[in-house]
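The structure appears right after this line, and notes come after that.
Sequence lines set the chain letters: A, B, ... in the order given, protein chains first and strands last, and positions in each chain run from 1. Hydrogens, waters and symmetry mates play no part in the numbers below; they use all other heavy atoms, side chains included. Please read all numbers here as calculations on a predicted model, not as lab measurements.
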Protein chains: 2
Amino acid sequence: MTTPGFEHHDHASCISGSLEAVEKQCKDKGLRLTPVRKRVLEILLDEHRAMGAYDILDRLRAEGLGSQPPIAYRALDFLVKHRFVHKIERLNAFIACGHPGERHVPAFLICRSCDSVAEAHTDLTQGRLGDVARDAGFVIERTVVEAEGLCPKCQEEAA
Amino acid sequence: MTTPGFEHHDHASCISGSLEAVEKQCKDKGLRLTPVRKRVLEILLDEHRAMGAYDILDRLRAEGLGSQPPIAYRALDFLVKHRFVHKIERLNAFIACGHPGERHVPAFLICRSCDSVAEAHTDLTQGRLGDVARDAGFVIERTVVEAEGLCPKCQEEAA
DNA sequence: AGGGGTATTGATACAGTATAACAGTTATAT
DNA sequence: ATATAACTGTTATACTGTATCAATACCCCT
C-alpha cells in the first residue's frame, strides 16, 4: 500500500505521464480514445480533483464538445470501465486515476471539509474482503473503499 | 470479521431484536426515536433489503406518516448518523444495520444481478486504511466499503 | 473502393435522488 | 410557565443519471 498525496507535486509531468500511459493502454487493447473521451480525461487530470459530471459537462460545453448530459456520462462510463477514471460514490463525482494501467483496488481519503480526495494504492482490501466473500460464496468483481474525514490542512484550520 | 448472510434466518426475532437494541440505545443516549423515525427503521428491518428513499417514502405516504421527500430523508439522516441504518452509496439506498449498537466498520457485499446486500461485520479495514491515512496525516471518521459482484444464487442462475 | 455491421455521437425528453427555506408544532429544561 | 431547541410539514427547486432514437464515423471484409 503506497501513501496518498495531499502534498504538492510536479503537476505538468503528472498529467502528461498519465495521459501517455492511457494512450498506450488504449493502443495496446484496441480501445478508442475519441476526442470527447480524451478531453474529459484531460479535464480531470488538469483539475486534479473530484468533479461532478455536470462540472465536466460545463467545460465540454464551453469548448464546443457537446452540451448534453449523455455526452459526459458516456465518456465517463468508458473511462471508468477501463479504470482510467474512478467514481467517488460518496460524492457522486469522478477523479482521474493516479496509476492508470497498474492493477489495483483503489481506496480514497475524502476530506469532508474541502472535498479534496487522495487516492491510495492497495491490493490488500481485496484480499481481506475476499475471505469474507469466499465464506459467503460471493464473487467480488469490484470494490469501493472510501474513507471520509479531515485532511491535514483542514485539521489545522479547525484548530 | 463475521460472515454475512445470504442464507435464511429467523426474521421475526431478527426484527424485534434489532428494534429493541435501537430503542435501548436511544434511551441510554437521550436520542428521540420519534414515530416517523421508528417507522422508517421498522420498514427497513421488515423488508430486510436496501431500499431507496422514495420507496420508503411511498410506504410512509400509504400509512399517512408524511408524503414529502424531506420527511423520509430527515428520518434517514437521523438513523444513519447514529448507525442504526447504513447508506449503500453504490445503490443510493438504505439498509437497516444488522448489529445496532455494536461498534463496527460495516462492509457490504452487493449483488449486481439481484441487488441483494449482505452486511459483513469488521474492524479490520479501519486498521488497514488507518495506516495509510496516518502516514498522510488524514483523520478518518467514517469508512465506506462496498464490494460488488455476484451472490451465490445469481451465480447458479447464470451457470 | 464498396458495403455491411458495430461503435460512437448528437439531441430531446424524462426519471430518480436530494436539499433549501420557512412556517408550524412538539418536547425539554430550567 | 416559558424559553429554547428539536422535530415535522410543505413548497419549491437543484442535482444526478438514463431511455430513446436518429445521424455519423469507424472497421473489417471482399
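- Partners of B:Glu146 under the salt bridge (Lys or Arg N to Asp or Glu O under 4.0 Å) rule, at least two apart in sequence or in another chain, do not exist in this structure.
- With hydrogens and angles ignored, no donor-acceptor pair under 3.5 angstrom links the side chain of A:Arg74 to the base of D:dG17.
- Distances shown here put a side-chain N or O of B:Lys87 below 4.0 Å from the OP1 or OP2 atom of C:dA18.
- Residue A:Asn92 has a polar side-chain atom (N or O) positioned under 4.0 Å from OP1 or OP2 of D:dG17.
- The side-chain ring of A:Tyr73 is not stacked on the base of D:dT18, judged by centre separation under 5.5 angstrom and plane angle under 30 degrees.
- Between atom CZ of residue B:Arg59 and atom CG of residue B:Leu44 there is a gap of 9.0 Å, rounded to the nearest 0.5 Å.
- For the pair B:Ser67 and D:dT10, the criterion of a side-chain N or O lying under 4.0 Å from OP1 or OP2 is not met.
- For the helix from C:dA1-D:dT30 to C:dT30-D:dA1, the rotation axes defined at the first and last 5 base pairs enclose an angle of 40°, given to the nearest 10°.
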Check step by step if ring pair (Phe, Tyr, Trp, His ring centres under 6.0 Å) holds for B:His86 and B:Phe108. CA-CA 10 Å; B:His86 299 298; B:Phe108 301 95; 5.4 Å; yes
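- Nucleic acid contact for A:Phe78: none, since no nucleic acid atom lies under 4.0 Å from a heavy atom of the residue.
- Rounded to whole angstrom, the span from the CG atom of B:Leu65 across to the P atom of D:dT8 amounts to 10 Å.
- Residue side chain B:Tyr54 reaches the base of C:dA18 through a donor-acceptor N/O pair under 3.5 Å, judged by distance alone.
- Between A:Arg61 and A:Glu63 there is no side-chain heavy-atom pair separated by less than 4.5 Å.
- In this pair, B:Phe84 and B:Phe78 present their aromatic rings tilted. The plane angle is within the 30 to 60° band.
- Nucleic acid contact for B:Arg32: sugar-phosphate only, since backbone atoms but no base atoms lie under 4.0 Å from a heavy atom of the residue.
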